[in-house]
Amino acid sequence: ISYTYGKAMANSETGGAFANNLNWWQDHGPANYDRTHTLTISHTWQLPFGRGRHWGTDLGRGLDALLGGWNFSGISRFESGLPFTVFSDAPNLYADFNSTRPDQIGNPSVPNPSAALWFNPDAFVVPQGIGRQGDVRHNSLRGPRFNQLDLSLGKIFRITETKTLEFKWENYNALNHVNLANPNSYIGDPQNVGKIYAAADMRQMQFGLHFRF
């Protein structure tokens, strides 16, 4: 089990342009990859059936080949949401601005955030005045949490003393949990702002055979 409480701050990432070329500090905030809480649980369990295991003596040769020697393993991840920035238009800005953040005039939280509405767009307005950035901070809101269980079931079949065949059945996002991406955060798009249209991969399975000689 591994737990991390962390905070990563940045001004600009991956060589991106600053919102205001004349004041880089306005882009200071949580890094795009920042997750406050991360819990990782990894496990390997040797199922107690088969030769050399707890209930192995009662199995015949045929049952031992079928039921014995299996290993069940997995990695489970539980992570808090990634940050995102609310953007807007601003008709009275100078050319030194590459992007614009709005002013916050209300509470951006909604009672039950979902893909249909993750935050309250009415809490933000286009900044007023000439040549000013809005007061919303870089990456000041958080998106959905990430929860995923990756599980594997495998066994090594001994063919001869020097030859083995390993079988694995691997499941990524085994519970098919919907991990939503961050929402549309551009308030200049009233039909779609606050909504989520993307998610991480659904459940994926793969089978593998590894022959060693």
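Hydrogens, waters and symmetry mates are skipped; everything else that's a heavy atom, side chains included, is used.
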Can you tell me if [X] uses its side chain to pair, donor with acceptor, with the backbone of [Y] under 3.5 Å?
| X | Y | answer |
| --- | --- | --- |
| Ser80 | Thr36 | yes |
| Asn179 | Asn147 | yes |
| Ser185 | Thr85 | yes |

Side-chain contact test, heavy atoms from C-beta onward, threshold under 4.5 Å: evaluate it for [X] versus [Y] and give yes or no.
| X | Y | answer |
| --- | --- | --- |
| Thr40 | Ile1 | no |
| Asp89 | Thr100 | no |
| Phe72 | Leu151 | yes |
| Thr4 | Glu79 | no |
| Asp135 | Gln104 | yes |
| Phe124 | Phe87 | no |
| Pro102 | Val136 | yes |
| Asp34 | Leu82 | no |

Which residues pass the side-chain hydrogen bond (donor to acceptor under 3.5 Å, both in side chains) test with [X], sequence neighbours left out?
| X | answer |
| --- | --- |
| Asn11 | His28 |
| Tyr3 | His37 |
| Asp150 | Gln148 |
| Asn182 | none |

Sequence neighbours left out, what passes ring pair (Phe, Tyr, Trp, His ring centres under 6.0 Å) with [X]? Give chain and number order.
| X | result |
| --- | --- |
| Tyr186 | none |
| Phe18 | Trp24 |
| Tyr172 | none |

**Item:** Sequence-distant partners of Ala19, side-chain contact (heavy atoms from CB on, under 4.5 Å), two or more places apart
**Value:**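 Testing Ala19 for side-chain contact (heavy atoms from CB on, under 4.5 Å), a comparison that skips the adjacent residues, returns Asp27, Ser99, Arg101, Gln133.
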
**Prompt:** Pro183: what forms a side-chain contact (heavy atoms from CB on, under 4.5 Å) with it, not counting sequence neighbours?
**Reply:**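 For Pro183, the residues satisfying side-chain contact (heavy atoms from CB on, under 4.5 Å) (neighbours in sequence not counted) are Phe84, Trp118, Phe119, Ile196.
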
If you count heavy atoms of other groups shown closer than 6.0 angstrom to [atom1] of [X], is the number above 12?
| X | atom1 | value |
| --- | --- | --- |
| Met202 | CE | no |
| Phe207 | CZ | yes |
| Ile41 | CD1 | yes |

**Residue pairs involving residues 156-167 (criterion side-chain hydrogen bond (donor to acceptor under 3.5 Å, both in side chains); sequence neighbours excluded)** =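 The answer is Glu166-Arg212.
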
**Request:** Enumerate the residue pairs fulfilling side-chain hydrogen bond (donor to acceptor under 3.5 Å, both in side chains) with a member in residues 194-203, sequence neighbours excluded, ordered by first and then second residue.
**Result:**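 Found Asn192-Tyr197, Asp201-Gln204.
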
**Message:** Considering only residues two or more places apart or on different chains, which pairs with a residue in residues 171-184 satisfy salt bridge (Lys or Arg N to Asp or Glu O under 4.0 Å)?
**Reply:**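 Every pair satisfying salt bridge (Lys or Arg N to Asp or Glu O under 4.0 Å) with a residue in residues 171-184: there are none.
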
**Message:** Please find the pair of heavy atoms, one from Leu141 and one from Pro108, that lie closest to each other, and give the distance.
**Reply:**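 Smallest interatomic distance, heavy atoms only, reads CD2-CG, 4.0 Å.
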
**Asked** What are the two closest heavy atoms between Arg132 and Gln128, and how far apart are they?
**Response**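 Shortest heavy-atom separation between Arg132 and Gln128 comes out as CD-O, 2.7 Å.
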
If I take atom [atom1] from residue [X] and atom [atom2] from residue [Y], how far apart are they, to the nearest 0.5 angstrom?
| X | Y | atom1 | atom2 | result |
| --- | --- | --- | --- | --- |
| Leu149 | Ile75 | CG | CD1 | 10.5 Å |
| Ile187 | Asp189 | CD1 | CG | 11.0 Å |
| Met9 | His138 | CE | NE2 | 8.5 Å |
| Asn171 | Ser152 | CG | OG | 8.0 Å |
| Asn184 | Gln191 | CG | CD | 11.5 Å |

**Message:** Please tell me whether Trp169 and Phe211 are part of a single hydrophobic cluster in this structure, the criterion being side-chain heavy atoms less than 4.5 Å apart.
**Reply:**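 Looking at the clustering, Phe211 is in the same group as Trp169.
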
**Asked** Would Phe213 and Leu209 show up in the same hydrophobic cluster when neighbours are defined by side-chain heavy atoms closer than 4.5 Å?
**Response**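 Looking at the clustering, Leu209 is in the same group as Phe213.
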
**Prompt:** Passes side chain to side chain contact (heavy atoms under 4.5 Å, CB included), Asn107 versus Asn120? Steps please.
**Reply:** CA-CA 7 Å; Asn107 184 358; Asn120 176 21; 5.8 Å; no

